[in-house]
Amino acid sequence: MSTFSDQLAALMDGCAQVLSEKELKAKLALGRPLKVKLGVDPTSPDIHLGHTVGLTKLRQFQELGHEAILIIGDFTAMIGDPSGRSATRPHLSHEQVMEHAKTYQEQAFRILDPEKTVIRYNGEWFGKMNFQDVMRLNSRVTLQQMLQREDFRERIDKGLPVRAHEIQYPIMQGWDSVVIEADVELGGTDQLFNILVGRDLQHEEGQHQQVAMMLPILTGLDGTQKMSKSLGNAVGVSEPPGEMFGKLMSISDEQMGEYYRLLLHEGISPTAHPMEAKKGLAERLTARYHSAEEARRAREEFELRFSKKDLESADLPSYAAASDLPRDIITLGVDAFERVLGVKKSRGDLRRLVEGGSVSWRGEKITDPKALIPASESGVLKLDRKNAVRIGER
RNA sequence: GGGUAGGUACCGAAGUGGCCAAACGGGGCGGACUGUAAAUCCGCUGGCUUACGCCUUCAGUGGUUCGAAUCCACUCCUGCCCA
């Protein structure tokens with residue numbers, strides 16, 4: 001059993017900002033399990049590493065005997081959190097959201113202890129509200145307050161639309177806290193405003209105010225924007241090991257420190273070569289969501305394929321063209337991309353890849369778009385930087 | 001409801017009758033170099049069994065014209081000002 005001050009230090013670790021440490025300390029001193037809230041909106045079907053920062057903190061609370069409450073924002077997801085957004089989000093139907101919610105929950109349990117996690121859907125209370133209730137809720141905040149938010153301000157300044165329903169978002173998130181009587185709410189630093197609205201609403205309801213714990217936001221693979229599926233810079237926790245390893249290897253050296261700190265909770269060894277450090281990061285994270293064995297194999301594959309450039313012995317997907325398909329490089333490439341790699345490419349795309357010198361057959365670069373690959377031959381067809389297929393027997 | 005400025009490719013933004021599949025910048029992709037890092041340089045960035053050819057595209061519909069992203073009419077959408 002740890003003392004309160006040990007707990008406090010452990011919990012504070014890794015946070016970007018806590019409002020306030022004093023309040024947290026007081027809550028811990030109550031000696032009862034605290035209700036710790038983390039909200040996720042199932043706007044896409046997958047949880048990515050960015051989400052895991054908050055989930056891991058929640059897990060930590062869980063391990064210290066507190067009550068983890070994961071709010072699945074089935075209603076809020078239909079609005080979409082305007083945080084950090086420069087545009088209104090596309091509408092999602094409730095059915096879509098619920099589809100996502102299923103996989104979300106399953107994936108969140110890769111980090112949380114399912115036995116000890118309380119899952120609440122906020123549709124549970126928002127779905128029952130009538131218009132009168134909504135109006136009453138809205139009367140508790142002022143428009144000025146809502147418009148103080150940087151994201152809204154910015155859009156207003158730029159002459160971009162801010163739709164009326166978007167300002168409901170912070171109110172809804174805040175109301176979640178009232179309903180579950182949260183003691184602590186976790187969120188990214190961009191959640192500050194929303195979490196503070198929760199505090200205000202709790203205060204109005206005569207509840208104790210929740211402590212706001214803000215965690216740093218993980219930068220995506222592009223190295224600039226926050227990790228997000230819709231920006232295409234995310235690493236999903238359910239991605240296959242090879243994919244996960246490879247994506248992690250593509251982060252920049254500058255970002256590595258951030259990934260070490262936020263995901264592994266440690267610093268980089270100052271003596272390690274950056275590449276070794278990155279491979280270590282990639283392997284450990286891959287192992288976390290798969291297995292040590294799969295992570296090791298992913299690393300070996302990676303080294304074989306990209307470091308040694310030994311495509312011949314790499315474990316590539318095999319591709320067999322239909323016998324009636326023309327054997328030219330473009331046709332085969334498009335077909336292989338679509339059927340084996342699951343990527344839709346146009347003939348124009350393939351032509352550009354060939355002319356750009358990206359495609360090679362049995363280690364020989366092919367730049368003639370009309371080149372043919374005889375059906376009798378077997379070998380490795382490299383299509384672009386990341387994709388290659390094996391044709392015929394090894 | 002009135003006035004006014006707009007809606008161009010992934011994004012920003014030129015173009016205001018033919019030379020426009022549409023400048024330029026960003027992003028993205030590919031190549032060289034590498035450590036699938038960074039930096040740098042180069043190329044590509046609507047589709048088509050590959051063509052100095054055809055097709056689709058400049059909010060939508062319908063016109064004018066030999067010819068429209070560009071002109072006209074109506075419609076839809078957005079900002080700003082007024083109510």
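Convention: sequence-line order gives letters A, B, ...; per-chain numbering from 1. Just so you know, these numbers use all the heavy atoms, side chains as well, and skip hydrogens, waters and symmetry mates.
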Polar-atom pairs under 3.5 Å, protein N or O versus N or O of nucleotides 32-34 of chain B: list them with distances, or write none.
from, atom 1, to, atom 2, distance (Å)
B/rA32, OP1, A/Lys365, NZ, 3.4

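Counting only N and O atoms by type, the side chains of A/Thr331 and A/Arg347 include a donor and acceptor under 3.5 Å apart.
Comparing B/rG31, B/rG30, B/rG47 against the side chain of A/Lys382 picks out B/rG31 as the nearest. When the nucleotides B/rA37, B/rU50, B/rG31 are ranked by their closest atom to the side chain of A/Lys370, B/rU50 comes out on top.
Side-chain atoms of A/Asp253 and base atoms of B/rG35 include a donor and an acceptor less than 3.5 Å apart. For A/Arg351 against B/rU50, a side-chain-to-base donor-acceptor contact under 3.5 Å is present.
Pairing for B/rG79 is with B/rU4, a Watson-Crick or G-U wobble pair whose two hydrogen-bonding atom distances lie under 3.5 Å. Nucleotide B/rU40 is matched to B/rA32 when pairs are restricted to Watson-Crick or G-U wobble geometry with both distances under 3.5 angstrom. Under the Watson-Crick or G-U wobble criterion, with both distances below 3.5 Å, B/rA23 is left unpaired in every strand shown. Using Watson-Crick or G-U wobble geometry with both donor-acceptor distances under 3.5 Å, B/rC74 finds its partner in B/rG60. Judged by Watson-Crick or G-U wobble contacts below 3.5 Å, the nucleotide B/rU49 has no partner.
Sequence order on RNA chain B of the closest nucleotides to A/Ser346 and A/Met256 puts A/Met256 first from the 5' end.
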